[in-house]
Participant: 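Have a look at the structure that comes next, please.
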2 protein chains.
Amino acid sequence: MRRPTIIDVAREAGVSKSTVSLVLQESPAVRSQTREAVRAVMASLGYVYNRNAANLRSSKIGLIGLVINDLRNPFFAEFATSLQMALAARGYATVISNTDEDAGLQAQVVASMIEHGVTAVVISPAFGQEEATFAPLKAAGLPVLQVLRKVDAGAFPFAAPDYRRGGLLAAEHLVERGARRIAFVGGLEGRAVTVERMAGYLSCLAAHGLTPLVLPGRASRAFGREAARRLASDHPDVDAAICFNDLVALGLLSGCAELGRKVGPEFRVVGFDDIEECAQSFPALTSVHCDIAGFGAEVAATVLAWLEDGTLPLPEVHTPVRLIVRASSGGVE
Amino acid sequence: MRRPTIIDVAREAGVSKSTVSLVLQESPAVRSQTREAVRAVMASLGYVYNRNAANLRSSKIGLIGLVINDLRNPFFAEFATSLQMALAARGYATVISNTDEDAGLQAQVVASMIEHGVTAVVISPAFGQEEATFAPLKAAGLPVLQVLRKVDAGAFPFAAPDYRRGGLLAAEHLVERGARRIAFVGGLEGRAVTVERMAGYLSCLAAHGLTPLVLPGRASRAFGREAARRLASDHPDVDAAICFNDLVALGLLSGCAELGRKVGPEFRVVGFDDIEECAQSFPALTSVHCDIAGFGAEVAATVLAWLEDGTLPLPEVHTPVRLIVRASSGGVE
DNA sequence: CAACATTATTGGAACGGTCCAAATCTGACA
DNA sequence: TGTCAGATTTGGACCGTTCCAATAATGTTG
């Protein structure tokens with residue numbers, strides 16, 4: 001029960017395999033009558049195109065690799081999903097790999113993707129062992145787009161939302177609302193994303209002569225909950241918090257609910273990323289909107305332009321962000 | 001700057017391409033000295049295995065297709081991630097496609113996967129147009145595993161957590177705790193998953209002479225929130241709710257918080273799936289634990305056993321579930 | 001050291017497409 | 001009706017691997 005090949009189709013249709021190939025490629029050279037006849041035979045035989053065979057001769061495989069550091073995080077899941085769907089709409093398939101922040105695993109899955117002949121790679125990298133991942137990509141000469149986090153400056157074009165500005169918007173909003181002791185909660189120290197997201201916060205506080213307070217930690221709900229306790233016990237004077245991301249912020253909300261601490265004008269909380277849940281939580285979470293779905297679609301467009309028209313992407317892109325004000329920071333005035 | 005092939009390696013190492021091929025396949029037939037020499041040349045030339053070419057001759061491509069109806073839902077994201085990682089650990093790459101419940105899109109991505117030569121497909125299908133998706137899979141003669149939702153009984157082996165039993169456990173727990181007016185919230189009417197999850201609930205209520213109350217709806221946080229309002233206004237006598245899934249339940253918690261309605265012994269809420277967030281919400285959410293990560297790993301093992309040893313999966317598998325009792329249903333007694 | 005078993009290695013035909021130069025077919029026009 | 005340009009179609013080499021039968025190298029033994 002072998003899959004029929006173009007040769008079977010050709011025999012059945014009474015033409016040569018070259019003609020069948022031309023039909024497959026929608027070549028205008030074949031007579032429409034012939035085209036229809038061949039198409040009919042294909043349908044009746046249940047012919048399926050074999051991309052691997054085609055790729056052997058001319059690399060047009062239409063497979064794109066997507067490497068994600070944490071696919072269970074809704075922010076990355078949303079990004080991966082919107083990117084994958086935008087690619088699918090243009091006929092590309094996507095090999096997705098989660099690395100769980102494991103640089104060794106990342107190097108392995110990237111190697112596997114190269115073996116499978118992906119035509120481009122989009123990667124939100126884990127930290128550490130940059131060479132093990134990036135050297136093979138460089139050697140393969142593939143178009144590679146580094147997104148969401150920059151671990152290897154200059155090696156490959158980079159795109160992400162404008163984290164720095166997001167942090168600034170959040171801090172300015174809180175100061176404007178009257179907060180005077182603003183903490184920055186979550187985010188592992190020293191990492192590029194943390195540094196960026198914190199930079200706007202720090203500069204805003206400096207500009208207003210306020211003292212920063214940083215509680216670094218994992219970007220998880222669990223840490224957010226713990227932070228709520230720590231803030232209440234160790235820093236009761238803190239009247240607002242900017243969280244590294246929404247998971248931390250939502251954990252913080254949950255922790256406050258548990259402690260009976262009211263969130264709103266009394267204690268303002270701002271998240272980062274604006275995942276879908278922000279609008280559904282109670283109180284609804286003010287957050288820096290990164291339009292990650294739009295960002296995913298934009299990344300897809302960038303990759304496809306690179307692949308199909310040879311348009312090189314800009315070395316570094318920061319997409320605009322905006323603050324969505326909801327009840328957790330005191331609401332719209 | 002062409003990628004080197006086994007022929008280049010062979011020439012450089014002074015052996016035939018067949019020998020290089022044998023080295024690649026870890027054949028015990030090659031002398032270890034030769035093997036080392038060949039390996040050294042590969043490394044120095046930066047040789048990368050071309051799976052497409054290999055696949056042309058013998059189908060061992062190591063690519064598995066995964067089709068998911070809603071990848072943004074944490075439940076499915078967790079499943080996809082754990083399955084993908086288990087496959088990666090065994091050297092397989094995974095092409096993932098989200099369909100957003102669109103059967104037409106699903107048929108399209110499945111066709112694309114077949115073209116790409118996936119060796120097996122795992123699918124959590126969208127509802128509708130079963131033939132468009134399943135007929136090509138059948139025609140391709142691929143191993144296909146239907147998971148999490150059954151839309152096409154009998155066509156392909158099916159595996160899912162034991163939803164029916166989960167519903168039963170949840171209902172029994174609530175009755176035991178003294179709830180007398182128990183609602184079932186969320187889930188689209190008539191769909192297999194809804195029917196299954198509701199069946200245990202209905203039979204338990206019937207056994208205790210209680211009247212069921214069903215509020216069907218989308219499986220989203222937004223619907224859960226709305227349900228909180230509807231329950232409070234239209235059905236004030238309801239003292240407990242079993243939700244179609246955790247998203248609905250978490251939305252319900254959020255809606256109750258907004259209404260100032262206390263969740264716990266006064267109004268018990270149970271979710272379904274036990275996503276990570278359940279333990280972090282306030283109050284912590286009692287939920288039917290499906291061990292979706294373990295389920296993903298198990299599905300991976302099933303597929304690989306099918307592929308590698310020819311072990312046929314059982315036509316229908318229901319993995320065990322258990323109820324995790326937390327504060328939202330009154331907590332551990 | 002001949003004879004044979006065993007172990008290593010090899011050439012060449014697949015696999016299913018693409019691509020190109022060459023062959024064939026058309027219809028228009030002199 | 002012969003000629004020719006343009007439109008169609010075609011044969012065959014090629015892409016990078018696997019696989020198999022055949023050959024070559026090596027070791028063992030009487």
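Just so we're on the same page: letters track the sequence lines, and every chain starts at 1.
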Participant: Base, sugar-phosphate or nothing for Val20(A)? Non-hydrogen atoms, less than 4.0 Å.
Facilitator: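 Since no nucleic acid heavy atom lies under 4.0 Å of Val20(A), the category is nothing.
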Participant: Does OP1 or OP2 of dT8(D) have a side-chain N or O of Gln33(A) closer than 4.0 Å?
Facilitator: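 False: Gln33(A) side-chain N/O out of range (4.0 Å or more) of dT8(D) OP1/OP2.
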Participant: Between dG12(C), dT17(D), dG12(D), which nucleotide has the shortest distance from any of its atoms to the side chain of Lys17(A)?
Facilitator: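 Shortest atom-to-atom distance from the side chain points to dG12(D).
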Participant: Would you say Thr19(B) places a side-chain N or O within less than 4.0 Å of OP1 or OP2 belonging to dT9(C)?
Facilitator: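 Looking at the OP1 and OP2 atoms of dT9(C), neither is under 4.0 Å from any side-chain N or O of Thr19(B).
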Participant: Roughly how many Å is it from CG in Asn50(A) to C1' in dT18(C), rounded to a whole number?
Facilitator: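 Between C1' of dT18(C) and CG of Asn50(A): 13 Å.
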Participant: Checking all strands, does Thr5(B) fall into the base, sugar-phosphate, or nothing category for heavy-atom contacts under 4.0 angstrom?
Facilitator: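 Here Thr5(B) touches the backbone only, sparing every base.
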Participant: Is the shortest distance from a Lys or Arg side-chain nitrogen in Arg72(B) or Glu101(B) to a carboxylate oxygen in the other one below 4.0 Å?
Facilitator: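 Judged by the 4.0 Å cut-off on N to carboxylate O distance, Arg72(B) and Glu101(B) do not form a salt bridge.
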Participant: For Arg35(A), is there an ion pair with Glu26(A) - N to carboxylate O distance below 4.0 angstrom?
Facilitator: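 Looking at Glu26(A) and Arg35(A), the cut-off is not met.
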Participant: The side chain of Tyr47(A) lies closest to which of these nucleotides: dC15(D), dT18(D), dG17(C)?
Facilitator: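 In terms of side-chain proximity for Tyr47(A), the closest of dC15(D), dT18(D), dG17(C) is dG17(C).
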Participant: Rounding to a whole Å, what distance do you find between Ile7(A):CD1 and dG17(C):P?
Facilitator: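 Going from CD1 in Ile7(A) over to P in dG17(C) covers 8 Å.
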Participant: Near Glu130(A) CD, under 6.0 Å, is it more than 12 heavy atoms from other residues, nucleotides or ligands?
Facilitator: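 Above 12, so yes.
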Participant: Side chain of Ala53(A) only, please: which of dG17(C), dT17(D), dC15(D) is the nearest?
Facilitator: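 For the Ala53(A) side chain, the nearest candidate turns out to be dG17(C).
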Participant: Between dT17(D), dT9(C), dT8(D), spot the one nearest the side chain of Arg31(A), thanks.
Facilitator: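 Nearest listed nucleotide: dT8(D).
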Participant: Toward the 5' end of DNA chain D, which comes first, Ser21(B) or Arg35(A), by nearest nucleotide?
Facilitator: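 Whichever sits nearer the 5' end wins; that is Arg35(A).
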Participant: Between the base of dC19(C) and the side chain of Arg57(A), is there a donor and acceptor pair under 3.5 angstrom?
Facilitator: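 Such a pair does not exist between side chain and base.
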Participant: Kindly give the heavy-atom pair with the smallest separation between Ser97(A) and Gln84(B), and that separation in Å.
Facilitator: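 Answer, listing the atom of Ser97(A) first, then Gln84(B): OG-NE2, 3.0 Å.
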Participant: How close do Phe79(B) and Val299(B) get, counting heavy atoms only, and between which atoms?
Facilitator: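 Taking Phe79(B) first and Val299(B) second, the nearest heavy atoms are CE1-CG2, 4.1 Å.
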Participant: Measuring from the side chain of Ser18(B) (C-beta onward, heavy atoms only), which nucleotide among dG17(C), dC15(D), dG11(C) has the closest atom?
Facilitator: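 Closest nucleotide among those given: dG11(C).
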Participant: Send over the distance from Arg51(A) CZ to dG17(C) P, rounded to a whole Å.
Facilitator: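 These atoms are roughly 12 Å apart.
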Participant: Does dT10(D) have OP1 or OP2 sitting under 4.0 Å from an N or O in the side chain of Ser16(A)?
Facilitator: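 Indeed, a polar side-chain atom of Ser16(A) lies that close.
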Participant: Tell me what Val48(A) touches on the nucleic acid: a base, only sugar-phosphate, or nothing, going by heavy atoms under 4.0 Å.
Facilitator: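 Contact class for Val48(A): sugar-phosphate only.
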Participant: Could you state the atom-to-atom distance from CG of Asp8(B) to P of dG16(D) in whole Å?
Facilitator: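 Interatomic distance, CG of Asp8(B) to P of dG16(D): 8 Å.
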Participant: State which of dT10(C), dC19(D), dT9(D) makes the closest approach to the side chain of Leu22(A).
Facilitator: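 Of dT10(C), dC19(D), dT9(D), dT9(D) is nearest to the side chain of Leu22(A).
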Participant: Of the nucleotides dA13(D), dT17(D), dT9(C), which one has an atom closest to the side chain of Thr34(B)?
Facilitator: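 So the nucleotide nearest the side chain must be dT9(C).
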